[in-house]
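What's counted below: heavy atoms across the whole structure, side chains too, no hydrogens, waters or symmetry copies.
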Amino acid sequence: MAKQRVLSGVQPTGNLHLGNYLGAIRNWVEGQSEYDNFFCVVDLHAITVPHDPATLAEDTYKIAALYLACGIDLNYSSIFIQSHLPAHSELTWLLNCITPLNWLQDMIQFKEKAVKQGENVNTGLLDYPVLMAADILLYQADKVPVGEDQKQHLELTRDIAARFNHLFGNDKKVLKLPDPLIRAEGARVMSLTDGTKKMSKSDPSELSRINLLDSPDEIQKKIKRCKTDAVRGLSFDDSERPESRNLLTLYMLLSGKTKEEVTAECADMGWGQFKPLLTETTINALKPIQDKYYAVMNELGYLESVLREGKEKAGAIANQTLAEVKAAMGYSQPV
């Protein structure tokens, strides 16, 4: 029986951080042998906010290299760059024309980001959930690894696919409705400066996150200065201590220990004892990733061959889906 297909991607905006790795990429790696995987660098999504044209291409390649460094195995997975396949943009336009405007205006992330951007909010910010839907639906994905904050967008993807099938399917499911693939532990890694907020590349403070390529000195500095409380003894389950829960979760995930093991080990610790432990564990966990990343970036010919092969495999599926969508909508065939 054919494996189910998984599709996911990360934006090339800034460096990947522990939230990206523990909440997404590590999960891809651990489950990749079970699925037929397509992982893209979603550079079209990156321009929904102001970006630097001078670094976009370089950042895109960095993310692809980090995919490999984190353990994406080409025996099970294909890596490609979103903008290298025009089918993503074309399907977005076709889906735009069947997606009610109020569906997009109801997206929680749009509401939050629109408040920050004020009068400068752009159409892409409103519309990027349709692009995300196109990304997923092009590959007829069975599963999409998502964090809790992306579940609403996947529900929108399912709604758009169902609406398309209803309007144009003629009793045939042209587009497959994908299901979320969510891991309970580590699905939402929080900021080092505020345990109630998600770790994010958009946070203006570098101290809020540990990037995968941070040096040991940078990691030590960030953990030493991260927000804690005055209570001795560390606990996962005290709702009044979000930083304790977050830092223990990081330690658990990076050390490979169970929650029960971490609870027993850290129950009587003070922060002065725990922070060096977390620092050492983080440095040791990230070193193999960093070593592999720099090896890949020093062999750009290899990275380009990976992206070229990924584009060919992804393009074969994406272009077939696009052709079926256009046929269902009544478009003429190219002459």
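Neither Tyr76 nor Val41 shares a network with the other; the hydrophobic side chains, linked directly or stepwise wherever heavy atoms of I, L, V, M, F, W or Y lie under 4.5 Å apart, form separate groups for each. Follow the hydrophobic side-chain contacts under 4.5 Å out from Leu278 and you reach Ile219 in the same cluster. Leu253 and Met190 fall into different hydrophobic clusters, where Ile, Leu, Val, Met, Phe, Trp and Tyr are joined by side-chain heavy atoms under 4.5 Å apart, directly or via other members. No path of Ile, Leu, Val, Met, Phe, Trp and Tyr side chains, each step under 4.5 Å between heavy atoms, connects Ile160 with Leu177, placing them in separate hydrophobic clusters. Linking Ile, Leu, Val, Met, Phe, Trp and Tyr whenever their side-chain heavy atoms come within less than 4.5 Å puts Val29 and Ile289 in one cluster.
Within the structure, the ring-ring contact (aromatic ring centres under 6.0 Å, His included) test picks out no pair touching residues 303-327 (sequence neighbours left out). Residue pairs satisfying the ring-ring contact (aromatic ring centres under 6.0 Å, His included) criterion with at least one member in residues 155-176, sequence neighbours excluded, are listed as follows: Phe164-Phe168. Annotation: ring-ring contact (aromatic ring centres under 6.0 Å, His included) contacts involving residues 123-142, sequence neighbours excluded, comprise Phe38-Tyr139, His45-Tyr128, Phe80-Tyr139, His88-Tyr139, Tyr128-His153.
Among residues two or more places apart in sequence or in another chain, the side chain to side chain donor-acceptor pair (under 3.5 Å) test is passed with Asn75 by Asp73. For Lys224, there are no side chain to side chain donor-acceptor pair (under 3.5 Å) partners at least two apart in sequence or on another chain. Every residue two or more places apart in sequence or in another chain that forms a side chain to side chain donor-acceptor pair (under 3.5 Å) with Asn37 is listed here: Ser77. In this structure His84 satisfies the ring-ring contact (aromatic ring centres under 6.0 Å, His included) test with no other residue, sequence neighbours excluded. Scanning for side chain to side chain donor-acceptor pair (under 3.5 Å) contacts around Arg245 gives an empty result, with sequence neighbours left out.
With hydrogens and angles ignored, the 3.5 Å screen pairs a side-chain donor or acceptor of Asn298 with a backbone N or O of Tyr294. Looking at Ser244, its side chain does come within 3.5 Å of a backbone N or O of Ser235 through a donor-acceptor pair. At least one donor-acceptor pair under 3.5 Å links the side chain of Glu243 to the backbone N or O of Gly195. A distance-only check finds a donor-acceptor pair linking the side chain of Asn122 to the backbone of Thr48 [under 3.5 Å]. Side chain of Arg5 to main chain of Asp142: no donor-acceptor pair is present (N/O by atom type, distance under 3.5 Å, no hydrogens or angles). Formation of a donor-acceptor pair under 3.5 Å by the Ser78 side chain with backbone atoms of Gly310 is not found in this model. Side chain of Asn165 to main chain of Val174: a donor-acceptor pair is present (N/O by atom type, distance under 3.5 Å, no hydrogens or angles).
Asp127 places a side-chain heavy atom less than 4.5 Å from the side chain of Leu104. The shortest side-chain heavy-atom distance between Leu74 and Ile79 falls under the 4.5 Å cut-off. Residues Val10 and Leu16 are in side-chain contact: their nearest non-hydrogen atoms beyond the backbone lie under 4.5 Å apart. Between Leu213 and Leu66, the closest side-chain pair of non-hydrogen atoms falls below 4.5 Å. In this structure, Leu212 and Gln290 have side chains that are not in contact, with every pair of non-hydrogen atoms separated by 4.5 Å or more. For the pair Val6 and Pro145, the minimum side-chain heavy-atom distance is below 4.5 Å. Looking at heavy atoms from C-beta onward, Arg158 lies in side-chain contact with Pro178 at the 4.5 angstrom threshold. With a 4.5 Å cut-off on side-chain heavy atoms, Met199 and Leu18 count as touching.
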In sequence, state the C-alpha distance, the side-chain angles, and the governing distance for Trp28 and Ile25, and then conclude on side chain to side chain contact (heavy atoms under 4.5 Å, CB included).
CA-CA 5 Å; Trp28 304 351; Ile25 297 174; 3.9 Å; yes
Given side chain to side chain contact (heavy atoms under 4.5 Å, CB included), test Lys227 with Leu192 step by step and report yes or no.
CA-CA 6 Å; Lys227 183 180 179 182; Leu192 297 182; over 6 Å; no
Step by step, work out the side chain to side chain contact (heavy atoms under 4.5 Å, CB included) result for Leu156 and Met107.
CA-CA 9 Å; Leu156 176 71; Met107 292 290 104; 4.1 Å; yes
Full working for salt bridge (charged side-chain N to carboxylate O under 4.0 Å, His left out) between Arg26 and Glu30
CA-CA 6 Å; Arg26 195 171 80 159; Glu30 291 177 351; 3.7 Å; yes
Residue pair Val231, Asp238: steps toward the side chain to side chain contact (heavy atoms under 4.5 Å, CB included) verdict:
CA-CA 11 Å; Val231 181; Asp238 187 341; over 6 Å; no
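Atoms CG and CG, from Leu247 and Leu277 in turn, are 11.5 Å apart once rounded to the nearest 0.5 Å. Expressed to the nearest 0.5 Å, how far OG1 of Thr92 lies from CG of Asn96 amounts to 6.5 Å.
Other members of the hydrophobic cluster containing Leu44, listed by chain and number, are Leu131; membership follows side-chain contacts under 4.5 Å among ILVMFWY residues, whether direct or relayed.
Between Asp36 and Lys3 there is no salt bridge, since none of the side-chain N atoms of the basic residue sits less than 4.0 Å from a carboxylate O of the acidic one. By the 4.0 Å N-to-carboxylate-O rule, Glu155 lies too far from Lys151 to be salt-bridged with it. Between Lys222 and Glu218 there is no salt bridge, since no side-chain N of the basic residue sits under 4.0 Å from a carboxylate O of the acidic one. Under the 4.0 Å criterion applied to side-chain N and carboxylate O atoms, Glu312 and Arg308 are not assigned as salt-bridge partners. We find that Lys257 and Glu265 are joined by a salt bridge, their nearest charged nitrogen and carboxylate oxygen being less than 4.0 Å apart. For the pair Lys221 and Asp214, the salt-bridge criterion is not met [side-chain N within less than 4.0 Å of a carboxylate O].
Side chains of Gln11 and Asp43: a donor-acceptor N/O pair is absent below 3.5 angstrom, by distance only. Side-chain polar atoms of Ser205 and Asp203 form no donor-acceptor pair below 3.5 angstrom.
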Could you go through residues 299-307 and list every donor-acceptor pair under 3.5 Å that involves a side-chain atom there, pairing it with any protein atom two or more places apart or in another chain?
| unit_1 | atom_1 | unit_2 | atom_2 | d |
| --- | --- | --- | --- | --- |
| Ser305 | OG | Tyr302 | O | 2.5 |

Atom pairs and distances, donor-acceptor, side-chain atoms in residues 324-335, under 3.5 Å, two or more places apart:
| unit_1 | atom_1 | unit_2 | atom_2 | d |
| --- | --- | --- | --- | --- |
| Glu324 | OE2 | Gln320 | NE2 | 3.3 |
| Lys326 | NZ | Glu90 | OE2 | 2.7 |

Donor-acceptor contacts, no H, no angles, side chain residues 266-274, under 3.5 Å, sequence neighbours left out:
| unit_1 | atom_1 | unit_2 | atom_2 | d |
| --- | --- | --- | --- | --- |
| Trp271 | NE1 | Asp229 | O | 3.1 |
| Trp271 | NE1 | Asp229 | OD1 | 3.1 |

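Within a 6.0 Å sphere centred on CD of Glu261, other residues, nucleotides and ligands contribute more than 12 heavy atoms.
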